[in-house]
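Here the structure is laid out as structure tokens; the discussion comes afterwards.
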Amino acid sequence: MLRFFYSLILLSLLSQAIYAQEWLKVQGTVVDYMTSKPVKGALISVKGTLRSASTADDGKFTAEAKSLYAVLVVSYPGYQAIEVPLNGRDQVAVVLVPEGINTGESIVRLPYYTANTRNLNGAYTVVQNTNDRYRDIPQMLQAAVPGLEANAYSGVPGEGMKFNMRGVRSLYTTNEPLLLVDGVMVNGVVLDNSLARGNVYNYLSDINVKDIESVTVMKDASAAGIYGSRAANGVIAITTKGGTNGKTFLDVSYQSSLSNRFKELPMMNSAEYLPYLSGKVYSQGLDQQKIAATFPFFGMDPGSAAYLPYTNNTNWQKEVTRNAMNHDFHLSLRGGDATSKYSFNVGYTGLAGTVKGTSAANLTSRFNLDFKILKNFSAGTRVSFNKNNKSLMDQGYEERVNPLYLGLVKPAILSPFVQTSPGVYSSFYSLPSYENLSNPIAVVNDVTNKVNNYWIFSSVYGQYNFSPDLRSKLSVTLDRRSLQEDRFTPSNAIVPSNLDIRFDRTSEEQITNRQALIFEHTLTYEKELNTTNRMLVFGGYNLEMAQYSGAYGFSRHSTDDAFQGLGDGTRVNARGIEEKYNNLSAFVNGEYTFREKFFFKIGARLDGSSKFGKDAASGIHIGNVPFALLPYTGLTWKVKSEPWMAGLKFLSEFNLRTSYGVTANQDIPLNAQYSLFGKVFNGPYTGLSLYSIGNSTLQWETTRSFNLGTDLSVLKNGLSFRADYFNTRTGNLLVPKGIAGANGQSFYWTNEGTISNHGFELGVNARGHAGSFIWNVGATAARYKTNIVSLPDNASLTDGTNGYTSIAKVGQPAGMIYGYRYLGVFATTAEANASGMLNELGAPYKAGDMYFADLNNDKILNDADMTVIGNSNPELFGGLNANLAWHGFDLNAGFGYSYGNDVLNVLRAKLENGMAYENQSVRVLNAWRAQGDRTDVAATSYGDPLRNRRASTHYIEDGSYLKMRSLTLGYTFKEKQIRYLRGAQLYFTGYNLFSVTNYMGWDPEVTVGQNSFSRGYDFGNVPQSRTFMLGLKLGL
Amino acid sequence: MKRRLYYMLFLSTVMVLSVSCKKYLTVEPEGYVQEENTFKTAADAITTVNGLYAQMLPLVDQIFLAGEAQGDLAVAARGADKYITEFAENRVTASNPYADYTKFYRLILACNRALDGLDQILRADPVNYNRAVYLSNRAEVYYVRAWTYLQLVKIWGDVPYVTGTVTKAEQVSNLAPEKSATIIKKILKDAEDNFSTILTINSDFLGTGNDFQLTIGQFRDLSGRCLLAELYLYDGNYNKAWEIISVIEPFGVYPSSGGDALNVFGMFQGQWVNWDSGQSRRDGNQYQRQVVMAINFDATKNQTNSLMKWTNNKYGGQYALKPSSIAIKNWTSAPMMLQQYQITPALGYYINESYNAGNGPLEVLDPDGNPIIGGYGDYIRGEKGSYFVDGRDTLMFKFLMKSRGVPKNPLINDKYADNDAFFNVYRDGPMYLLACEIMNNMGVPSQALLTMNGGSYNAYVYKSTRYRVGVAPFKIDFSSPEPAKKQVARFLIQESAMECAFEGRRWFDLVRIAKQANDPALLADAVAKKYPASRQAEVRARLMNPANWYLPVYKKN
């Protein structure tokens, strides 16, 4: 890295000689992008001077600059302003692009400064919210950012996305990029333990996408390094809309959409289920008395009234789902004058879920004000307030009151309601019968899961300009979130957990409060030294005081379904938690630009946190307090700006970028450095017992990252490529270190492990026009390869979720699914005997048993036969984006794809093994029945004693997919068509119109948890459904 | 001058900043106690000792699996997962999480720490924490520690002997195992040294007492004696074991002279008091009377064990373990005696047809807690005492809950529900058998057998485990070539199967008795019988090797 530095110094010395102090003449032409006709009257100003010129009728102009390395700024009303660096030329051809066409170049407001996207030095991707049509933030980013994996948690309204950038860098801490809103970090975006099992609360979904001006994704160390110990996974910086100078804009938009029921999984109907059930009961070996008591319908007269509850063919999947209407209103008022700018946004989104009983209503409001109080002093606020109410249902692995799961497994022969005569329903729910499953209708109607969230995220700032170059800014932010969840499970028609129907009403309540006070003071020096040398230096410090408190209460045995409060139960259990941490950081960043050709950046952040152990080995200690010192540097060389490149006319841009830096991850367990003694009870008396072994050397995870990138544009920016190669190595990996049992604990947290990631990201964009037909087509592709380089004692780590296990093994990627290698189903007893194998319970295998590879050749199936059975990481992923416009019409299509990732289809495992009297997938009709049956569905056996459900290659499926995420047809009304309006747009969007996949479940795009051990499992979450949306935006 | 002032100002700013910076960046965890605050006041001593007893709770599951599932009385039922099956089939692998002894060491290390901590408290607060309390606390800690080591040695054989503490990462170490005999000697020394103090904790044999449930959760005079006697037994020091246990009524004084001749009088001298009233306080709940020490599970504090879950077949029960057919056959085939038997030194045992004095033993209760009079041996110990039949399922049922009764609505799959339970550490029955075993090893098998059989003699009634339930006495066949001692060892194995079934001791009894007799076949034969005929030979061969009697040390993957 030092080499770069020296060569820069050398270059700047050389440049002294080239300084030209006299005014030089620069000539050029300005033409319209669409018509190639000259633009008359365009304003050409020379950046950093007061000189300006304008074009003549033929589009020609002559301007004066002090150097041939100056930058011209060309603007004309109705067109996007453009900066043109001269790069040593005295002749330039400028193309002005009308507003509304994406040129991939714009001014972006970043946390510490404002820059033209073309001058960003590092791996940045800026996505502008050009036309306010997005439904949510993920839609905005999904196809546009190379290397960003954005997976939906589920199709439950308002549940948000999980982001992952550039592979897996951590096993036990977060892999989510840092989220910034208007420069302030938002920590703890995902709170993943909702009382409605299988749901997460993601604060990202509380931000209204229509409030957003742009999102900047920072990927490499040079872009994200300034955020130090939170930047290891990159940064997603959201900038909200600010005010305007002069003109007032009032925009109103309305979107209405219809989400369709998702496709049903093929389950047995009554005619298929009844023979299956009787076979099952027969094979179970129950005596006649028991059969008569449990399955009265087997011996019943089909005409009798008592047979009515069992003579149906109910489509339960249909009963629990619906087509759902959604609405979204948004009002945006923006304006200002020379001294003040404001932006006021209010939005309301009402979403209904396709699973009955789920909905989300989100009220968002935001007021941004920038006010120039004195000549040198300005101040402002960024105030936002959101309220979100949700109704949720359990989803995913949980079975008891999960409507979607119940909808699959509730036998079709049963009726939702008590029938008074054939086909005539009363208003009473049918009660659970022999199958012992809750009535799904009762679940969606009567189980309540209310979530109330309030989020206040507000900053105030003051800025003092000492001089035009030097300014200081102080900001204080309060991030206050309170989430309240109430759950009640009634008893009517719902199977209690303990089979005593009188006493199973349960009430749960959870209240969490999260707050952070963030104080930041910066000093910025931004100076155009002369036309060839430009510099920006800023530094500052930052204090963050964060606090989390949670209270949870559980009560049961309420006397009536009407009493739903926590206090109505006879046994109330409650617990609380209180956590705090403080952070202190200092940072400095210097940028230097030479002739708009070399962009050099160097900086460092010093992070201290109360989470760090006092004996942290790396970093520096100041007054016995450990700090992470995280430096970074970056260099961009705009090769096209070299005079000797001027001849290559077809080449419009050619940049080489490189960066190196150290970032970190401070998401370590809050108290892991301390030895904690917790409360235990000896009878009614409290005692103390060691709860965890503390490690005072605990520290941040350190990521060293190298990035090499290039931007290449040809044919007047008609075709552009953007490619990045990255190589990161994360050391001090936080892992639980397994220790000998004689130490009294099984592990302690330590920083012993290394994980490496390398890969590339590619973005291709083609744009052009033919007449008034404009196209802009882009594609992204990314690939990463994670490799676990070392772990404590080089032992593998296994961890997982809901009884399924993933493994982290040295020499392999993270996120590997662990299980058994499925070999088949024994067709005959002879085959089973020939194997000589004993099953896990120590008994010989029988015909019809599913059998697995005996990897350690001990002829018995046990844990030692487990191996890696799937890789949840894709080989290649990305998106496609096409934008076509013709006159007022435009068509936009967004695709997403993932190739080569494995998914463990747990839902399928549950639907194919027949462990109880539940309804099963039609595949079970092919189950092994008699000697000689060749099938891949094992004989079903009550209770599943051989654990056919276990994780095995039998349920590993290829999760590759290509999805059309959205397709929009829009029409922008012309001025003459609308009289009193500034503008009007009407658009029609279809979401999830189709997908191409071999995956047998609902949706291969699965996400369960946050850490690398929960990737790639499909527990049957609510899938995303096909949605049609009609939108209208009016400008006043 | 000015420069110097600036310099000083700068320096003091840096100092103030770095001090406040340290304060700012130190946030102590809430909701937990930090190590340095654990041993400050007299109250901390109580908390510490309570914390030790509380840490006995999580050990019960493993003690039960090792002690019961490995034995001949339990087999895997249909709900057994692979780990429980491994126990029931005597092939536990190192990947079995129930073979993880971490929690045992957690308790041992806590004891080690407590010993240091009590010293600290004594030094810091000698006024509120006086020496007498200190000594009795310390004695308790030694006994808890000795008990825990004994369990470790019983289950795993040779294990590391840890005397230090581990609360911080840098204290983590990797110790090599020590011979179990050495460990027994070491913990025996601690127990001996503190024996006199343990005896002072509560010598209230017959008093009205305050809280039964609490006192049985603690090491004190009686439980201390039981533990010490057990340690001597494991150590092979039978005379010392007898010295300790014989003091507990009603064992009486074993005559030092006279060889193995049945000295009934010596044994019965003045000892007519029932064990139950002698050993533990009477409680409203009569079921608990025979308990000397138990681990107390209080569901309102979310304390549960898995025993009900493993043994029950409904209410969320897993039905992983059930009685073996041998276990049931033991009870159903045991010869019953409708009338009590009497004993004479000359004739041995005989039945006194007219005897019904004293209305029979009081321990015999029906499910409602009412005394049963008459022939009831199988009833009290067999069906409905130790197991019951539910449809086709046979369920273990013994001491799984605090109140006796068929589990009508135990809500056992609910951790918030009322599944309170006692897990017996010491109870009268096993202690009778312990005394029998001790005497048998002392070389007085006839006297030993008397302790197991019991009987009535003149005005005295010795209600040992067989007598009190009305089962016919065992008799030594002196004409048999098999030595009397060996015969009594066999009787012990038979009797403990009926008296102590499903209490988590069976396997340990088999191991110990087989080792004392130096005859692995005693264990191998007994356990092999629970297997189908086709597998018996293989299992027997494996169990003939005492190295296979101990669990492997757990290793994750």
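Small disclaimer: the values here were computed from a predicted structure and weren't measured.
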Fill in: Heavy-atom proximity to chain B below 4.5 Å, by part of A:Ile860
side chain
Worksheet item: Between A:Ser696 and B:Glu170, which heavy-atom pair has the shortest distance, and what is it?
Response: OG-OE1, 4.5 Å
Discussion item. Does atom OH (A:Tyr691) have a neighbourhood of more than 12 heavy atoms from anything else shown, all under 6.0 Å?
Written reply: no
Worksheet entry | Distance-only side-chain donor-acceptor flag, A:Asp863 / B:Tyr83, under 3.5 Å | yes
Item to complete: With a 4.5 angstrom heavy-atom cut-off, could you sort out which part of B:Arg535 is near chain A: side chain, backbone, both or neither?
Response: side chain
Worksheet item: If you count the non-hydrogen atoms of other residues, nucleotides and ligands that lie under 6.0 Å from NZ in B:Lys82, is the total more than 12?
Response: yes
Practice prompt. Mind checking the CZ-CG spacing from B:Arg91 to A:Asn862? Nearest 0.5 Å is all I need.
Written response: 8.0 Å
Worksheet item: Do B:Val33 and A:Leu688 touch side chain to side chain, with heavy atoms closer than 4.5 Å?
Response: yes
Worksheet, complete the sentence: Between the CG atom in A:Asn695 and the NZ atom in B:Lys168, the distance rounded to the nearest 0.5 Å is 11.5 Å
Practice prompt. Could you look at A:Leu543 and say if it's the side chain, the backbone, both or neither that has a heavy atom under 4.5 Å from chain B?
Written response: both
Worksheet item: Which atoms of B:Leu109 come close to chain A, meaning under 4.5 Å heavy atom to heavy atom: side chain ones, backbone ones, both, or neither?
Response: side chain
Worksheet, complete the sentence: Turns out that what part of A:Phe627 lies under 4.5 Å from chain B's heavy atoms comes down to side chain
Item to complete: Determine the option with the most heavy-atom pairs under 4.5 angstrom with chain A, choosing from B:Phe104, B:Tyr105, B:Tyr161, B:Tyr101.
Response: B:Tyr105
Worksheet item: When rounded to the nearest 0.5 angstrom, what is the spacing between OG1 in B:Thr165 and CG in A:Leu690?
Response: 9.5 Å
Discussion item. B:Tyr32 vs A:Phe677, test: ring-ring contact (aromatic ring centres under 6.0 Å, His included). Steps then yes/no.
Written reply: CA-CA 6 Å; B:Tyr32 296 97; A:Phe677 287 79; 9.9 Å; no
Worksheet item: Hey, are the side chains of B:Glu30 and A:Glu579 touching, using non-hydrogen atoms and a 4.5 Å cut-off?
Response: no
Fill in: B:Asp116, CG atom: more than 12 neighbouring heavy atoms under 6.0 Å
yes
Item to complete: Measure distances from B:Ala80 to the heavy atoms of chain A and classify the residue's part below 4.5 Å as side chain, backbone, both or neither.
Response: backbone
Worksheet entry | Residue part contacting chain B, namely of A:Glu544, when any heavy atom lies under 4.5 Å | backbone
Discussion item. Testing the basics here: between B:Arg106 and A:Gly744, what is the closest heavy-atom pair and its distance to 0.1 Å?
Written reply: NE-O, 2.7 Å
Worksheet item: Between B:Pro29, B:Ser173, B:Gly51, B:Gly164, which residue shows the highest count of heavy-atom pairs closer than 4.5 Å to chain A?
Response: B:Pro29
Response to the item:
Counting heavy-atom pairs under 4.5 Å with chain B, the top scorer among A:Ile739, A:Leu676, A:Leu670, A:Val680 is A:Leu676
Item to complete: Compare all side-chain heavy atoms of B:Val172 with those of A:Tyr748 and state whether any distance is below 4.5 angstrom.
Response: yes
Discussion item. Heavy-atom cut-off 4.5 Å, strictly under: side chain, backbone, both or neither for B:Gln55 against chain A?
Written reply: side chain
Worksheet item: Do you know which of B:Val166, B:Leu52, B:Ile108 has the most heavy-atom pairs with chain A at a distance under 4.5 angstrom?
Response: B:Val166
Worksheet item: Can you say whether B:Thr47 sits under 4.5 Å from chain A via the side chain, the backbone, both, or neither, judging by heavy atoms?
Response: both
Item to complete: Return the option, out of B:Asp81, B:Asn174, B:Thr38, B:Leu175, with the maximum number of heavy-atom pairs under 4.5 Å with chain A.
Response: B:Thr38
Worksheet item: What's the spacing between B:Glu28 CD and A:Tyr674 OH if we round to 0.5 Å?
Response: 5.5 Å
Worksheet entry | From CG (A:Asn839) to OG1 (B:Thr85), nearest 0.5 Å | 9.0 Å
Discussion item. Distance check, rounded to the nearest 0.5 Å: A:Asn743 atom CG versus B:Thr167 atom OG1?
Written reply: 11.0 Å
Response to the item:
Between A:Ala742 and B:Val162 the two heavy atoms that sit nearest each other are O-CG2, 3.8 Å
Discussion item. Measuring only between side-chain heavy atoms, which start at C-beta, is A:Met545 closer than 4.5 Å to B:Tyr24?
Written reply: yes
Worksheet entry | Contact leader toward chain B among A:Pro626, A:Ser675, A:Gly576, A:Ser689, where contacts are heavy-atom pairs under 4.5 Å | A:Ser675
Practice prompt. Return the minimal non-hydrogen interatomic distance between A:Asn682 and B:Asn50, and the atom names on each side.
Written response: ND2-OD1, 2.8 Å
